[in-house]
Novice: 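Following this message is one structure expressed as structure tokens.
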Amino acid sequence: MQIESTNGPYHELDVQGLAIAVFKDERADEGFLRDLDALTGGAIKSVIDSEELKGKEAETVYLHLIGNSEIRAQRLLLIGVGERGEYSTTQASQFAGTAVRALRGKSVKSIAIVPRLEGNPEEIASVVIEGAFMSLFDPDKYRTVDKEERQIERLVVVMAGADETGLKRGVERGRIIGESVNFTRDLANEPGANMTPTIMSERAREVAGEFGLSVDVLDEARMEQEGMGSLLSVARGSDEPGKLIVLKYTPSNGAEESAGLLAFVGKGVTFDSGGISLKPGENMELMKYDMTGGATVIGAMRAIGQLKPPIPVLGVIPCAENLPSGKATKPGDVVRAMTGKTIEVINTDAEGRLILADAIAYAKKLGATKIIDMATLTGAVSIALGDVHAAVLGTDQELIDEIIAAGKEAGEKFWQLPLDKEYSKQIKSDIADIKNVGGRKAGTITAAAFLKEFADGVSWAHLDIAGTAWGDEAKPYRSKGPTGIAVRTLLRIVSRAS
Ligand code: BES
Ligand code: ZN
Ligand code: ZN
């Protein structure tokens, strides 16, 4: 797809389809819509008067402009974006996604979109292009019959009067981010057989080679040397060996890590059967996406390699397949983590925290001073927050506030849960230092309390994306399946820190 931007008038553009944002209760006889109404020969007044178009969010009206239209595009899609006062980057990004998905469905090959958001053109062009790219992801990679192959060849973002270099930069940034989010979604969507720890590490190597990152992949022998008994205890049940992927971006300006090193750590359980504490069969196929946290880190690093921020960033992804076998860890077993802490494994299905424990410790060994880990860690987070917010918890309130604020800008919602020390009582073990489950109460919090044991001495926050990483239903602006949650927020955090 060729992407462009223009600061000229939309009605002269040589495209097949034009998508325009319309605010709630907007009138056809004033401002922007009055001009549009005149250009279309009265079509806008007609759809507003007939009450087909009220400007409610995601409402769409599709028209063929024939007769006395002065707009070069023949097809017009009007999309409601809700209240003008609440219209911001999140809504503009979703507007663009809705526009592109809807027009693709109508076999339109070239599209101009008019987001009508005031503000920084670079910023706005970026979120619009991000939304457009993200809307084009479909999970039907392995479908061979009845597959719709409609493609959009050209997309133009229209911001009348905006600074041209800003627009161009925004379009490029949006493309990098949108493609990287889709890269993450593609990994998350892969069946377990096609996304083993070995394959995941190969994908990370390719990304590193293509985008100028350094890469190191620890095999099980090296994990052994590092004393990563917690990570190894999860990998043990499978014939597929575990891997620990390390990606690093170093800015070319040579700015060293005097100001600290930011690290992203992501859970890469390429399939979670539960292990000996086997999960019920219903919906178990979805546990292929239990490596989404890891895929998020690889996707973010893929974008960082291209956006080239002035600060270094580390990515650490522990990968394992959680299966039952004669070699698998059993409930009651005690394992020793890299830090020396001993862990009683009460439930082998609480494996994410076991692999993250050693990955967080390793990130610290590599010099990380600020760590954000992300994981499809607990079913409990869906009970608490549904599929709307991801949970954020941690030890550094400033970092948590930063994540929530960056998420707001990026169109991703994070909600803080408490992590008071009282919760740590729930993970005390009778036989070892700690145990890997904390009972029925506050499951998301006790999982974070477990991780906290390994994150001392650094600024740390944890994102539980188990409820938000997979969309059960399609939205107007995106397909069902992997959502790519958190990639855009991580990239905002990096650019805000730069
Ligand atoms: N991968 C799961 C969490 C999960 C559940 C992710 C649903 C996505 C959707 C995790 O490894 C797990 O099984 N957690 C257990 C922990 C429990 C045994 C303490 C859970 O949430 O039930
Ligand atoms: Zn599990
Ligand atoms: Zn899991």
Side-chain angles (χ1 to χ4, degrees), residues 1-23 26 31-41 43-44 47 53 55 58-66 68-81 87 89 91-136 150-175 178 476-477:
M1 183 168 67
Q2 185 189 326
I3 47 174
E4 296 161 34
S5 55
T6 177
N7 53 10
Y10 60 82
H11 63 275
E12 289 169 6
L13 285 170
D14 182 16
V15 288
Q16 294 176 341
L18 181 63
I20 295 182
V22 176
F23 301 111
E26 202 175 351
F32 183 93
L33 286 194
R34 186 188 50 208
D35 297 343
L36 180 62
D37 191 51
L39 289 166
T40 57
I44 306 305
V47 290
L53 182 66
E59 181 186 59
T60 57
V61 172
Y62 181 61
L63 303 166
H64 274 241
L65 303 173
I66 37 178
N68 45 1
S69 167
E70 289 164 52
I71 295 179
R72 199 152 169 206
Q74 226 199 58
R75 304 186 239 177
L76 175 65
L77 180 66
L78 301 165
I79 301 179
V81 292
Y87 188 59
T89 47
Q91 291 79 8
S93 187
Q94 292 180 357
F95 152 75
T98 303
V100 167
R101 254 181 108 70
L103 289 172
R104 182 183 63 170
K106 309 253 182 233
S107 300
V108 178
K109 301 259 176 291
S110 55
I111 302 177
I113 42 184
V114 187
R116 298 182 63 199
L117 180 60
E118 312 267 312
N120 179 340
E122 179 173 349
E123 172 82 17
I124 294 167
S126 178
V127 298
V128 163
I129 296 295
E130 286 164 31
F133 270 89
M134 287 172 61
S135 77
L136 291 172
R150 299 180 195 188
Q151 299 241 326
I152 290 169
E153 287 155 14
R154 182 164 164 244
L155 177 68
V156 188
V157 186
V158 186
M159 274 183 82
D163 161 59
E164 205 166 319
T165 40
L167 271 181
K168 280 218 171 68
R169 272 206 303 268
V171 165
E172 178 59 4
R173 184 180 167 84
R175 181 190 61 78
Y477 55 88

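Keep in mind it's a predicted model, so treat the numbers as computed, not measured.
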Novice: If you draw the axis of the six-membered ring of F32, does the NZ or CZ of R116 fall within 45° of it and under 6.0 Å from the ring centre?
Specialist: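 Yes.
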Novice: Apply side chain to side chain contact (heavy atoms under 4.5 Å, CB included) to R150 and list each qualifying residue two or more places apart in sequence or on a separate chain.
Specialist: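 R150 satisfies side chain to side chain contact (heavy atoms under 4.5 Å, CB included) with R104, S107, E148 only.
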Novice: What closest approach, in Å, do L18 and Y10 show between heavy atoms, and which atom pair accounts for it?
Specialist: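 Minimum heavy-atom separation between L18 and Y10: CD2-CD1, 3.7 Å.
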Novice: Looking only at heavy atoms, which two atoms of V108 and G17 are closest? And how far apart?
Specialist: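 Minimum heavy-atom separation between V108 and G17: CG1-N, 3.7 Å.
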Novice: For a quick test of reading the model, state the closest non-hydrogen atom pair linking V127 to S93 and the distance between them.
Specialist: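 Heavy atoms only, the tightest pair is O-OG, 2.9 Å.
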Novice: Is there a donor-acceptor pair closer than 3.5 Å between any side-chain N or O of S110 and the backbone N or O of R154?
Specialist: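 Side chain of S110 to backbone of R154: no pair is present.
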Novice: Starting at CG of L33, measure out to CG of L39 and round the result to the nearest 0.5 Å.
Specialist: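 Between L33 CG and L39 CG, I get 11.5 Å after rounding to 0.5 Å.
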Novice: Does any part of the side chain of I152, heavy atoms only, come nearer than 4.5 Å to the side chain of L103, both counted from C-beta?
Specialist: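 Not touching, per the 4.5 Å side-chain cut-off.
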Novice: Measure the shortest side-chain to side-chain distance between L76 and I44 over non-hydrogen atoms and say whether it is less than 4.5 angstrom.
Specialist: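 Yes, close enough: below the 4.5 Å cut-off.
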Novice: Does a side-chain heavy-atom distance below 4.5 Å link H64 with Q74?
Specialist: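 SC-SC contact between H64 and Q74 confirmed.
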Novice: Could you go through the side chain to side chain contact (heavy atoms under 4.5 Å, CB included) check for F133 and I3 one step at a time?
Specialist: CA-CA 10 Å; F133 270 89; I3 47 174; 3.9 Å; yes
Novice: Please check this pair: side chain of T98 against backbone of Q94, looking for a donor-acceptor N/O pair closer than 3.5 Å.
Specialist: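 Yes; at least one donor-acceptor contact below 3.5 Å.
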Novice: How long is the span from the CZ atom in R75 to the CD1 atom in I111, to the nearest 0.5 Å?
Specialist: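 Here the interatomic distance stands at 9.5 Å.
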Novice: Return the CD1 to CG distance between I20 and L36, rounded to the nearest 0.5 Å.
Specialist: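 One gets 4.5 Å once the value is rounded to the nearest 0.5 Å.
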Novice: Which heavy atom of A21 sits nearest a heavy atom of P115, and at what distance?
Specialist: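 In terms of heavy atoms, the two residues are closest at CB-O, 3.6 Å.
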Novice: Using a 3.5 Å cut-off and no angle test, enumerate the donor-acceptor pairs between side-chain atoms of residues 160-173 and protein atoms at least two apart in sequence or in another chain.
Specialist:
unit_1, atom_1, unit_2, atom_2, d
D163, OD1, T165, OG1, 3.3
D163, OD2, T165, OG1, 3.2
D163, OD2, G166, N, 2.9
R169, NE, E122, OE1, 3.0
R169, NH2, E122, OE1, 3.3
E172, OE1, R175, NE, 3.2
E172, OE1, R175, NH2, 3.4
E172, OE2, R175, NH2, 2.7

Novice: Strictly distance-based, threshold 3.5 Å: is any side-chain N or O of S69 a donor or acceptor partner for the main-chain N or O of I66?
Specialist: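 Not confirmed, S69 side chain does not pair with I66 backbone.
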Novice: Please report the shortest heavy-atom distance between I129 and V157, naming the atom on each side.
Specialist: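 Smallest heavy-atom distance, with atoms named: CD1-CG2, 3.4 Å.
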Novice: Which is it for L136 and V100 under the side chain to side chain contact (heavy atoms under 4.5 Å, CB included) test, yes or no, and what are the steps along the way?
Specialist: CA-CA 8 Å; L136 291 172; V100 167; 3.6 Å; yes
Novice: Checking the side chain of Q91 only, and the main-chain atoms of V81 only, is there a donor and an acceptor separated by less than 3.5 Å?
Specialist: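 Side chain of Q91 to backbone of V81, a donor-acceptor pair under 3.5 Å: no, none is there.
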Novice: Do you know the tightest heavy-atom contact between L65 and A73?
Specialist: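 Taking every non-hydrogen atom into account, CD1-O, 3.8 Å.
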